[in-house]
Peer 1: 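Pasting a structure below so you can have a look.
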Amino acid sequence: MNLFADIRSLVIDCLDALAAEGQLPAGLDHANVSVEPPRDPAHGDMATNAAMVLAKPAGLKPRDIAEALAGTLAADPRIAQAEVAGPGFLNMRLAAPVWHDVIRAALTDPRYGRSDLGQGQSVNVEYVSANPTGPLHVGHTRGAVFGDALASLLDYAGFEVTREYYINDGGAQVDVLARSVYLRYLEAHGQEVAFEDGTYPGDYLIAVGEALRDEVGDAYVGKGEEVWLDAVRSFATEKMMAMIRDDLAALGVEMDVFYSEKSLYGTGRIEAAIEDLRAKGLIYRGTLAPPKGKLPEDWEPREQTLFKSTDYGDDVDRPIMKSDGGWTYFAPDIAYHHDKVSRGFDALIDVFGADHGGYVKRMKAAVAALSGETVPLDVKLTQLVKLYRNGEPFKMSKRAGTFVTLRDVVEAVGRDVARFHMLTRKNDAPLDFDFDKVTEQSKDNPVFYVQYAHARVHSVLRKADVDVSPAALAQADLSGLAHPAELALAAKLAEWPRLVEIAARTHEPHRIAFYLYDLASELHALWNRGNDDPALRFLQEGDSAATQAKIALIRAVSVVISHGLGILGVTPVEEMR
RNA sequence: GCACCCGUAGCUCAGCUGGAUAGAGCGCCGCCCUCCGAAGGCGGAGGCCAUAGGUUCGAAUCCUAUCGGGUGCGCCA
């Protein structure tokens with residue numbers, strides 16, 4: 001059940017009826033007709049812009065259309081009142097039974113809030129995709145939480161979702177990893193080693209070096225790279241990926257596919273992807289113009305193998321091959337996306353850190369070219385996480401011992417807090433993360449605030465001496481739920497399906513978090529009104545019918561909160577501790 | 001120099017395919033527990049939606065220009 005969609009259909013039906021009667025021209029386009037909650041509750045429960053949108057094409061005055069529409073709408077039992085306001089808005093007040101239906105739907109329909117927006121279309125969501133050269137840090141944590149919540153949201157909205165991680169195990173950085181592990185390996189054999197520039201000195205490789213020693217003994221000691229590089233690289237990469245998987249698991253993130261960049265090399269897949277583009281006339285030898293403004297010091301004109309990404313909206317064409325004949329990093333990226341396209345996804349989403357913003361256009365160009373512009377690619381960038389402790393900002397620094405890993409975050413504040421808090425900002429806005437504030441149990445902390453609302457409802461359920469099962473509550477007589485404050489809360493529940501669709505369409509899971517905050521806020525407000533007005537208390541002594549009706553309302557709220565938190569990957573707790 | 005993102009209350013930020021008098025939290029001022037969890041709620045003060053044009057019935061939202069901040073910019077991934 002999606003009340004806004006239902007009422008919109010009703011409006012459209014009424015418009016059609018008016019057209020049939022000749023009061024409106026036939027064949028008007030209804031695409032821009034919307035039904036939304038008015039900003040000001042005094043304007044009613046729902047408002048439609050139909051009259052204003054149709055005035056021009058119909059050649060009529062907006063208020064005349066609105067008047068006619070109001071008359072037709074009023075015949076429907078769901079509409080308690082319809083009146084024209086302002087320049088031609090039509091404000092509607094809905095009958096109480098409509099809100100009661102919303103409550104029943106939330107209680108009993110396991111699909112309440114789910115949507116068929118996706119219509120089973122398959123979407124690939126690629127996120128995290130960190131280099132397998134070290135532990136995930138806070139920045140990756142945000143990408144992981146965002147990508148995961150987005151994937152869940154799309155699933156909830158009716159898409160077939162694949163969660164995917166691209167392992168950058170094909171470039172020079174994994175050679176550096178291998179050499180660094182080799183040094184730790186020598187160390188494990190009691191040798192004194194020096195970590196020069198261009199190696200990773202992190203402690204986390206000590207155990208990897210020891211593990212390598214345990215596995216191969218002294219077979220590589222004193223040997224040249226040609227003997228051990230390949231083997232150590234795969235050994236090290238595997239260890240790093242095992243660690244990364246563990247870290248993701250601690251955050252509650254589980255990927256469907258780990259896709260190896262290395263698997264693209266030596267298998268003809270890069271060549272095949274490039275051939276695909278070449279066949280479309282998009283690969284050529286050429287020289288790029290120098291960038292305007294300050295010239296790089298070593299700049300000289302150079303002929304390169306280029307992808308004509310400018311045909312698809314990029315600013316300049318992009319090199320795909322290095323002068324030594326090797327591929328640039330862009331080539332395997334093309335091949336990877338070629339593979340995604342050929343796996344038949346209807347849409348692709350990449351989640352990158354904001355520092356990769358410069359690659360968006362070329363990736364979109366590549367996917368557009370590879371798919372013949374049939375598969376949309378949306379790239380979501382996640383901004384920086386600014387770290388605080390006790391209100392004092394601090395920067396990540398390995399040297400100062402303030403390098404904050406994903407695991408540190410989860411261990412310090414817990415999975416639920418980390419996940420929810422990362423979604424309290426839009427993905428492209430910077431985020432403050434204060435280790436002390438996010439665990440504070442007060443209304444200043446949105447995570448707590450929402451969980452508290454859920455726990456409060458369950459506290460009432462425990463105290464109630466009526467049957468509080470959703471099935472029983474849905475059978476209850478809800479006609480006593482008539483107070484505006486109660487119906488307003490039900491109206492908030494009615495927004496849930498609509499909000500899911502907006503969030504899914506815009507690929508913005510933070511909207512779920514903000515909605516839950518609002519919903520929690522309205523629940524707390526109603527709760528407190530019981531202080532002044534005993535008739536609004538949820539437990540009505542000696543009146544089990546009224547009690548059941550009120551509990552139906554707040555239990556429906558808790559159900560929606562738990563669905564919403566589920567999308568965010570946060571546990572809806574039934575008791576605060 | 002170019003591209004992308006951002007600019008909304010003192011601070012941190014929401015704001016739907018363009019809708020009515022622009023919202024929340026913090027901070028400030030004043031209130032509310034004989035009552036289901038006060039771990040909460042209610043009220044008040046606080047705005048030229050960076051600036052200037054444009055599009056239209058209507059713009060914080062779309063377009064153009066300018067200013068300010070962030071990120072990136074040919075063989076690093």
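On a predicted model such as this, the values are computed, not experimentally measured, just so you know. We name chains A, B, ... by the order of the sequence lines, and we start the count at 1 in each one.
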Peer 1: My understanding is that a pair needs two contacts under 3.5 Å, Watson-Crick or G-U wobble. By that rule, which nucleotide pairs with G74(B)?
Peer 2: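 Checking every strand shown, G74(B) finds no partner, since no pair has both distances under 3.5 Å.
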Peer 1: Between Tyr336(A) and Tyr259(A), how do the two ring planes meet: parallel, tilted or perpendicular, split at 30° and 60°?
Peer 2: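 Tyr336(A) and Tyr259(A): tilted rings.
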Peer 1: Does the structure show a Watson-Crick or G-U wobble partner for C16(B), both distances under 3.5 Å? Name it, or say none.
Peer 2: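 Checking every strand shown, C16(B) finds no partner, since no pair has both distances under 3.5 Å.
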Peer 1: Applying a 4.0 Å non-hydrogen cut-off, can you work out what Asn531(A) is touching in the nucleic acid: base, sugar-phosphate, or nothing?
Peer 2: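 Base contact.
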Peer 1: Would you mind telling me which residue lines up with the more 5' stretch of RNA chain B, Ser34(A) or Arg302(A), judged by nearest nucleotide?
Peer 2: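 The residue closer to the strand's 5' end, by nearest nucleotide, is Ser34(A).
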Peer 1: Given 3.5 Å as the limit, does a donor-acceptor pair link the side chain of Asp169(A) with the main chain of Ser260(A), or not?
Peer 2: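 Not at all, since once roles are kept as given, no pair shorter than 3.5 Å links the two residues.
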Peer 1: Do Asn91(A) and A20(B) have a side chain to base donor-acceptor pair shorter than 3.5 Å?
Peer 2: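 By the distance-only test, yes, there is a pair.
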Peer 1: Consider only side-chain N and O atoms of Arg179(A) and Thr199(A), and report whether a donor and an acceptor are under 3.5 Å apart.
Peer 2: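 The answer is no; no qualifying pair exists.
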Peer 1: Testing the basics here: between Glu261(A) and Gly170(A), what is the closest heavy-atom pair and its distance to 0.1 Å?
Peer 2: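 Nearest heavy atoms, Glu261(A) then Gly170(A): OE1-N, 3.2 Å.
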Peer 1: Is His337(A) reaching over with its side chain to a backbone N or O of Asp333(A), donor-acceptor style, under 3.5 angstrom?
Peer 2: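 Judged by distance alone, yes, a pair lies under 3.5 Å.
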Peer 1: Check every strand shown and say whether Asp428(A) touches a base, only sugar-phosphate, or nothing at a heavy-atom separation below 4.0 Å.
Peer 2: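 Asp428(A): backbone/sugar contact only, no base atoms under 4.0 Å.
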Peer 1: Please give me every residue in residues 533-542 of chain A whose heavy atoms get under 4.0 Å of an atom in RNA chain B, ordered by residue number.
Peer 2: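 The stretch gives Arg537(A), Phe538(A), Leu539(A) as the residues lying under 4.0 Å from the strand, ordered by number.
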Peer 1: With both distances under 3.5 Å as the test, what is the Watson-Crick or G-U wobble partner of C67(B)?
Peer 2: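 Across all strands, the one nucleotide that pairs with C67(B) is G7(B).
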Peer 1: Output one letter per nucleotide in nucleotides 43-50 of chain B: B when a protein non-hydrogen atom lies under 4.0 Å from the base, S when only the sugar-phosphate is that close, - when neither is.
Peer 2: --------
Peer 1: Taking all non-hydrogen atoms of both residues, which atom of Pro62(A) and which atom of Gly88(A) are closest, and how far apart?
Peer 2: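 Scanning both residues, the minimum pair turns out to be CB-CA, 4.4 Å.
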Peer 1: Over all strands shown, is Ser521(A) touching base, sugar-phosphate only, or nothing at heavy-atom distances under 4.0 angstrom?
Peer 2: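 Contact class for Ser521(A): none.
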Peer 1: Indicate, yes or no, whether a donor-acceptor pair under 3.5 Å links the base of C36(B) to the side chain of Arg456(A).
Peer 2: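 No, the side chain and the base share no sub-3.5 Å donor-acceptor pair.
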Peer 1: By the 4.0 Å heavy-atom rule, please label Arg505(A) as base, sugar-phosphate, or nothing.
Peer 2: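 If one applies the 4.0 Å heavy-atom cut-off, Arg505(A) turns out to touch the sugar-phosphate alone, with no base involved.
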Peer 1: When you check the phosphate oxygens OP1 and OP2 of A24(B), does a side-chain N or O of Tyr515(A) lie under 4.0 Å from one of them?
Peer 2: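 It does not, given that no N or O in the side chain of Tyr515(A) lies less than 4.0 Å from OP1 or OP2 of A24(B).
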Peer 1: Please state whether the rings of His510(A) and Phe514(A) are parallel, tilted or perpendicular, taking 30° and 60° as the class boundaries.
Peer 2: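 Aromatic pair His510(A)/Phe514(A) classed perpendicular.
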Peer 1: Output the single nucleotide from C13(B), G15(B), A20(B) whose closest atom is nearest the side chain of Lys426(A).
Peer 2: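 Out of C13(B), G15(B), A20(B), the nucleotide with an atom closest to Lys426(A)'s side chain is G15(B).
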Peer 1: Counting any heavy atom closer than 4.0 Å, what does Gln173(A) reach on the DNA or RNA strands: base, sugar-phosphate only, or nothing?
Peer 2: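 Sugar-phosphate contact only.
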Peer 1: Should the ring pair His458(A) and His454(A) be called parallel, tilted or perpendicular, given that the plane angle runs from 0 to 90° and is split at 30 and 60?
Peer 2: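 Rings of His458(A) and His454(A): tilted, 30 to 60°.
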Peer 1: Could you tell me whether Asp317(A) and Arg362(A) make a salt bridge, using a distance below 4.0 angstrom between a side-chain N and a carboxylate O?
Peer 2: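 A salt bridge is absent here (no side-chain N lies under 4.0 Å from a carboxylate O).
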Peer 1: Using only heavy-atom distances, decide whether a donor-acceptor pair under 3.5 angstrom links the side-chain of Asn528(A) to the base of G40(B).
Peer 2: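 Under the 3.5 Å cut-off, the side chain and the base do form a donor-acceptor pair.
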Peer 1: Which nucleotide in the list G15(B), U21(B), G25(B) gets nearest to the side chain of Arg511(A)?
Peer 2: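 The answer is G15(B), which lies nearest to the side chain.
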Peer 1: Under 4.5 Å between any side-chain heavy atoms of Met92(A) and Asp45(A), yes or no?
Peer 2: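 In short, these two side chains do not touch, never coming nearer than 4.5 Å.
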